[in-house]
There are 2 protein chains.
Amino acid sequence: MSKKEFIKKLRKNGYKATPQRIVIYEIINSFEEHPTAEEIHKEVLKKFPSLSLSTVYQVLHLLRDLGEITELKLSNHSSKFETKSEIHINLICPKCDKILDYYSDTVNTVWSEVENEFNFKPISQRIDVYRYCNECKEIMK
Amino acid sequence: MSKKEFIKKLRKNGYKATPQRIVIYEIINSFEEHPTAEEIHKEVLKKFPSLSLSTVYQVLHLLRDLGEITELKLSNHSSKFETKSEIHINLICPKCDKILDYYSDTVNTVWSEVENEFNFKPISQRIDVYRYCNECKEIMK
DNA sequence: CTCCGTGCAAATGGTTTGCATCTTA
DNA sequence: TAAGATGCAAACCATTTGCACGGAG
């Protein structure tokens with residue numbers, strides 16, 4: 001979604017299109033990985049030095065409620081955020097919490113099979129697979 | 001696993017079989033639902049009035065590390081615990097955090113298909129599907 | 001001009017930790 | 001009796017909240 005479309009979406013839902021919201025939205029989409037709120041804040045500060053961490057949290061929740069991002073709670077009591085995308089598996093390292101997305105046709109096919117079984121439409125879903133990442137595997141040797 | 005087997009497992013792994021650990025283990029297995037640490041503690045106090053919450057946490061982590069239970073982090077920064085069992089889907093209500101387990105042959109079949117695709121053996125996995133539970137659906141009407 | 005949003009600082013609350021004391025093996 | 005476990009209280013820390021000010025519509 002472009003910046004313009006995002007502004008439209010905000011207004012359509014009764015929210016004001018503030019520069020803070022727009023910057024945060026843009027920053028989030030520029031991440032390759034899954035950033036934490038703190039990482040987003042740090043990045044946003046470069047363009048907007050006065051933007052507070054609490055605003056980051058508020059905007060993240062807004063984006064989540066608008067269905068723009070997904071919040072992934074982790075085992076160390078923090079969250080990482082991902083931009084909404086097609087169905088995939090989160091490959092999570094239990095040691096360093098790094099997350100890799102795993103996409104495959106099998107997952108697509110197979111998941112729609114599961115969804116067909118439900119007698120309801122899921123709001124969303126999250127599939128996590130835990131395994132040590134290559135770095136952590138190396139360290140443990 | 002019986003109480004005796006549990007004691008054996010503890011000792012085999014170099015842990016002492018304390019009454020606290022045994023009570024907590026038994027209580028957890030008596031829950032139908034997915035209890036929080038606090039709920040477990042409350043229940044344990046009935047049989048063991050001096051058992052502290054921090055011991056509950058320590059034992060829960062021990063059980064988790066032994067692979068006896070799974071910790072499910074939730075959106076309100078707390079956890080619920082489930083006794084290890086076969087592959088299933090957690091049906092989670094985003095409003096009240098209630099969790100229902102969903103078992104089906106499709107899930108079994110479909111998951112082993114996905115696992116075959118991996119070139120590694122997962123430590124564990126977690127599949128969550130979000131949808132409003134019947135009570136919350138009712139309330140929102 | 002009004003109301004919503006922001007920023008600051010303080011509060012929150014589930015979880016973790018330090019340490020003296022007690023228990024298990 | 002030595003290594004490990006417990007219980008208490010204090011610390012943690014990511015996240016949330018209250019409130020006065022500021023900016024969007």
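Since the structure is predicted, the reported quantities are computational estimates derived from the model, not experimental observations. A note on names: the letters A, B, ... follow the listed sequences, proteins ahead of strands, and every chain is numbered from 1.
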Using atom [atom1] of [X] as one end and atom [atom2] of [N] as the other, report the distance to the nearest whole Å.
| X | N | atom1 | atom2 | answer |
| --- | --- | --- | --- | --- |
| Phe48(B) | dA5(D) | CZ | P | 15 Å |
| Leu53(A) | dA10(C) | CG | P | 16 Å |
| Lys42(A) | dA14(D) | NZ | C1' | 17 Å |
| Leu10(B) | dT24(C) | CG | C1' | 12 Å |
| Leu74(A) | dA14(D) | CG | P | 12 Å |
| Lys8(A) | dG25(D) | NZ | P | 15 Å |
| Ile7(A) | dG25(D) | CD1 | C1' | 13 Å |
| Lys80(A) | dA14(D) | NZ | P | 13 Å |

Inset, instruction - Using the test side chain to side chain contact (heavy atoms under 4.5 Å, CB included), find all partners of Lys16(A) that sit at least two apart in sequence or belong to another chain. - result: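 Counting only residues at least two positions away or on another chain, Lys16(A) forms a side chain to side chain contact (heavy atoms under 4.5 Å, CB included) with Thr18(A), Arg21(A).
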Legend entry - Qualifying residues under side chain to side chain contact (heavy atoms under 4.5 Å, CB included), relative to Asn13(B), sequence neighbours excluded: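 Asn13(B): side chain to side chain contact (heavy atoms under 4.5 Å, CB included) contacts with Lys9(B), Tyr15(B), Leu66(B).
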Inset, instruction - Identify, between Ser50(A) and Ser78(B), the residue whose nearest nucleotide on DNA chain C lies closer to the 5' end. - result: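 That would be Ser50(A).
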Inset, instruction - Quick one: sort the Phe120(B) and Phe118(B) rings into parallel, tilted or perpendicular, breaks at 30° and 60°. - result: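 Parallel: the ring planes of Phe120(B) and Phe118(B) meet at under 30°.
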Legend entry - Aromatic ring pairing Tyr25(B)/Phe6(B), orientation class (parallel under 30°, perpendicular over 60°, tilted between):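 Aromatic pair Tyr25(B)/Phe6(B) classed parallel.
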Inset, instruction - Before accepting this row, confirm whether a basic side-chain N of the pair Lys73(B)/Glu71(B) lies closer than 4.0 Å to the acidic partner's carboxylate O. - result: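 Result for this pair is yes, salt bridge flagged.
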Legend entry - Ionic contact status for Lys80(A) with Glu33(A), cut-off 4.0 Å: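 No, no charged N to carboxylate O under 4.0 Å.
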Legend entry - Sub-4.0 Å heavy-atom contacts from residues 24-40 of chain B onto DNA chain D, ordered by number: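 Listed by number, there are none.
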Legend entry - Neighbours of DNA chain D within residues 57-66 of chain A, by heavy-atom distance under 4.0 Å: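 When residues 57-66 of chain A is checked for heavy atoms under 4.0 Å from DNA chain D, the hits, listed by number, are Tyr57(A), His61(A).
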Side-chain donor-acceptor contacts of residues 48-55 of chain B below 3.5 Å, not counting sequence neighbours, with atom names and distances?
residue  : atom : partner  : partner atom : Å
Ser52(B) : OG   : Ser54(B) : OG           : 3.4
Ser52(B) : OG   : Thr55(B) : N            : 3.2
Ser52(B) : OG   : Thr55(B) : OG1          : 3.1

Inset, instruction - Say whether, by atom type as modelled, one donor and one acceptor occur between the side chain of Glu43(B) and the main chain of Ile40(B) under 3.5 angstrom. - result: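 Side chain of Glu43(B) to backbone of Ile40(B), a donor-acceptor pair under 3.5 Å: no, none is there.
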Legend entry - Val23(B) backbone acceptor or donor facing Glu26(B) side chain under 3.5 Å: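 Not a single qualifying donor-acceptor pair exists.
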Inset, instruction - Taking only the side-chain nitrogens and oxygens of Ser52(A), find out if one of them lies under 4.0 Å from OP1 or OP2 of dG7(C). - result: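 Result: yes.
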Legend entry - Phosphate contact (dA5(D) OP1 or OP2) by Thr55(B) side-chain N/O below 4.0 Å: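 Indeed not, no polar side-chain atom of Thr55(B) lies that close.
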Legend entry - Heavy-atom side-chain proximity of Phe81(A) to Leu72(A) below 4.5 angstrom: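 Counting from C-beta outward, Phe81(A) and Leu72(A) never come under 4.5 Å.
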Legend entry - Beyond-backbone contact of Asn90(A) with Asp101(A), side-chain heavy atoms, under 4.5 angstrom: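 The answer is yes; the side chains approach within 4.5 Å.
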Tabulate protein N/O versus nucleotide N/O from nucleotides 19-24 of chain D, keeping only pairs under 3.5 Å, one per line.
residue : atom : partner  : partner atom : Å
dG23(D) : N2   : Lys16(A) : NZ           : 3.4

Inset, instruction - Could you go through the side-chain hydrogen bond (donor to acceptor under 3.5 Å, both in side chains) check for Glu39(B) and His34(B) one step at a time? - result: CA-CA 9 Å; Glu39(B) 284 163 350; His34(B) 303 69; over 6 Å; no
Legend entry - 5' precedence on DNA chain D between Phe81(A) and Gly14(B) (nearest-nucleotide basis):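 The 5'-side residue here is Gly14(B).
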